[in-house]
Amino acid sequence: MSRTLPKKASAASNVALLEARDLKKSFLAGGQELTILDGLNFKVEKGESVAILGASGSGKSTLLYILGGLDRPTSGLTLAQGQELFRLSEPDLARWRAREVGFVFQYHHLLPEFSALENVAMPALLAGLAPNQAEELARPLLTRVGLGQRLRHRPGALSGGEQQRVALARALVLEPKILLADEPTGNLDAGSAKMVNDLVGDLVAERKMSAVLVTHNADLARQTQIRLELVGGQLREWAG
Amino acid sequence: MATIERTIALRYLRAKRRDSLVSLISVLAVGGVGLGVAALIVVLAVLNGFETNLKTKLLGLSPHVSIFKAGGNLTDWETVVAKIKTVPGVKSALPFIQGQALAASGQGASGVVIMGLDPQATAEAGFFQVLNLDPQAVKNLTQRPMVAPANDLMRLFSPIIFDDEEEYLPDEPEDSAQEELGDKSQEELGDKSQDETDPNPLKESVEGSFKGSGGQSNSESAPSPLKESVGVPLNESGGQLQNGWRDQTPFGAATIGQPNPLSATIATAEAKVDRAIPPRENAAAKEAPLATLASLAIKANQRLDVALEFAILKVASTDKAATFLPLGQDDAKAATLLSSSQDDPKDAPVDPEKVRPDAVDPDKVGPEKVGPEKVGLDAVGPDEDASNGQAAAVDFEAEAPEPVRPILLGRELALSLGAGPLSAVRIISPFGRITPLGQRAPLTRYFQVAGTFQAHYYDFDSKLAFTDLEEAADLLGLVPGEVSYVEVKVFDIYQADRIHGEIIELLGPDYWGRDWMRMNLSLFSALKLERTAMFVILTLIVLVAAFNIASTLIMMVAEKTRDIAILKAMGATSAQIKRIFTWQGLIVGLVGTLGGLIVGIVLCLLLKRYEFISLPPEIYLMSSLPVELRWPQAAAITLVSMAISYLATVYPAKRAASFDPVEALRYE
């Protein structure tokens, strides 16, 4: 059965696409309370690309997950175009995430039992699209990232760089407004990393997407408009 | 709607590797369910079969409804039967006579329940089908007369045992006439070739029987062969013929354990007959008179052995169908006749041509000699045999020999009595005539076994004997036209109760009845309970399979925490995750159930067709494992199995759904 693409929220220009207000995130580790995010404030506007840098374990990923609605903050708000994310019911949140956000992780996180094409089509299938419709969205994307010949291959048969490109394609299949990427090239060798990074930059620019990229990689950081650093649970301009 | 979840679920059931189609774990889970379902199908089918078999046997053999008259026998059974047949649902209504008696044969005695019935009507009602009766046996029961072929006649006499032989030893012959007779008879029968020391049982018995007025019997000086022969009773003096032998039963008094002397006698006699009569005429010549005589004798409670002797004698003395002596009429006449025929000097030994009483030269022997006595002998008028000088052929049909009473025995009963088809059995009934003293004397009747039945139900096979209504009435002291009860069979056995009620209402207060439900209620209730218990127990197998599914699923979920996280990151809701794993369990359950159904059904069909498990029929009433598939049961099994499979998925799927994706994503 086919369904039309989920309705996207109309973008009011004055409201930030994604906003974090006074975010606090702490959790117990080894009997101690650890505060990762401490009253963090952050905004992303439509079409803005932001790089967030910082030491490992500083909580960059946590911030990203909270922004994407995958993780809940201990306190504070996450707003998507003015709407409190965590007020939404779980299914609604999931649907929002499917429509509006594209995730790319450090590790490819592809489903190993499915082919590249199926993986890319998966978000569309989960959203209720018919298989042929989903495939029609997936195929051009895979071609765009240069894997038009590897549609039927399973992740196990692909190289690291190829896997990340598939992941990237998957993130973009439902045409989200914002890309959230967590160290997309962290595991790749320099050559692949460069290719992927370039792709990210290109695609984000092409589609006029917002992007929040958590990265170590200075190259990738240089591709974004804004560079921030997460230090001490707070965001500040990146110096350097 | 659930397509994607199902697709994912299916994909997860497949093997990781491309080459193998299904993962081992899936196979095991499916196999567990399948095994449980197959076991349920087969075991329940077998239990069904046992129950149906038992029910059919019991209901085939027992009356659905029995109608009795208060206070005694039914005198107006035809009316009753007619009335019963008007009740809707009644398949047949048959009259029966039932009574206890004793069956005895040479080998032993056994209590027997005599069932008198109308063979034709009962056969038509299909009553005999359950009894595995040879149709010929039924025919024997229905037709009269029943005549035994000569060969089987031997069996008629066997095993016959006698009392202490001493009683029956002849005295030393005093009468010279006896000697004469003895020699003559020997000659007559062409015994010249015989060894002198060879006892001539024929002669002896002849002597013994007919030391009549003619005093013509004689005996050999050799030690009496009677010891091995038929026990001919002689009086002390060996003189006048007493009524003694007539009072004897055809088989003599029975003593268990004694060897049967008569078979030797018969064999010898037959041998003589064979010699005396040309082969081409043997069969016909032997058959009719022997059989007829025997039947006559039985009916008249005469000594069969004597009858046989006579028959053989007479047959030997003619070359065609013999004249015969209607026993019981006139011993004197008999003796005279016998002596006269043996006296005849013209009677030459051996030679068939000459072995004709009337074949004697009419010139030499005047018709007077073959006069009035012959009349008594022959069935035909005197003029005939006088005129054509040939042994007059006897029309046995015209004489209408009394038929032998036919009886059907249960196989076990027949075995214990040592009775085979056409054997004779003695039935002793306590309901005999009232003696002058006012007591009831036991009544003895001789029956001939028309066939045996086997119901595979020990109670029936060892106790029942069927004969027709007249004989049974005669035996059991019923007034002719009376029966003990009317047995009703119905179309729908579960209506028996209601029909019973309707019949009683129709017939009135004089009548009462019993129906199978009341009589066997406990048995069938127990069977039903057993089957229910079995169902529950076997469902446990499916339950175990369900646990199998649950644990398989839990393992899969644990294995796929990362995938769950990814799916959620892609926008899958918790409900969708739950559905994926529920589908996994359902697919396993469905495939397992269907597979188990197919295997179970195939196994049932194979068991039914090829019967490769056999049972000892004495214990189980049937020879092989009975199988009966009932579709409602199969449907129930399917539903139960699917339900259990589904329930097995609930917990693992729930766990999967509530899994926090960040956990997996973070610690990669």
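The chains referred to below are lettered A, B, ... by the order of the sequence lines, with proteins before strands, and numbering in each begins at 1. Quick caveat, the model's predicted, so the values are computed rather than measured.
Around the CZ atom of B/R655, the shell of radius 6.0 Å holds no more than 12 heavy atoms that belong to other residues, nucleotides or ligands. Taking a 6.0 Å sphere around CZ of B/R630, one finds it holds more than 12 heavy atoms contributed by other residues, nucleotides or ligands. When the shell of 6.0 Å around OH of B/Y651 is examined, it contains 12 or fewer heavy atoms from other residues, nucleotides or ligands.
In this structure, the separation between CG on A/L125 and OG1 on B/T3 is 9.5 Å, given to the nearest 0.5 Å. A/L111 CG to B/R562 CZ: the interatomic distance, rounded to the nearest 0.5 Å, is 8.0 Å.
Heavy-atom minimum distance, A/M122 versus B/L567: CG-CD2, 4.1 Å. Heavy-atom minimum distance, B/A569 versus A/F105: CB-CZ, 3.6 Å. Shown here for B/A572 and A/L126, the closest heavy-atom pair between the two residues is CB-CD1, 3.8 Å. Contact between A/P91 and B/T573 at its shortest, heavy atoms only, is CA-CG2, 3.7 Å. The two residues A/H109 and B/I566 make their nearest non-hydrogen contact at O-CD1, 3.0 Å. The two atoms that bring A/Y65 and B/V662 nearest to each other are CD1-CG1, 3.7 Å, heavy atoms only.
Every residue meeting the side-chain contact (heavy atoms from CB on, under 4.5 Å) condition with B/A546, not counting sequence neighbours, appears here in chain and number order: B/I644, B/A648.
You'll find the side chain of B/S658 stays beyond 4.5 Å of the side chain of A/E90, heavy atoms only.
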For B/D563 and A/E113: C-alpha separation, side-chain torsions, deciding distance, then whether side chain to side chain contact (heavy atoms under 4.5 Å, CB included) applies.
CA-CA 10 Å; B/D563 295 49; A/E113 288 92 359; 3.7 Å; yes
Residues 530-545 of chain B, side-chain donor-acceptor partners within the protein, below 3.5 Å, at least two apart:
unit_1	atom_1	unit_2	atom_2	d
B/R531	NH1	B/E51	OE1	2.4
B/T532	OG1	B/K528	O	2.9
B/T539	OG1	B/F535	O	2.5

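In this structure a side-chain-to-backbone donor-acceptor pair under 3.5 Å is missing from A/R170 to B/M570.
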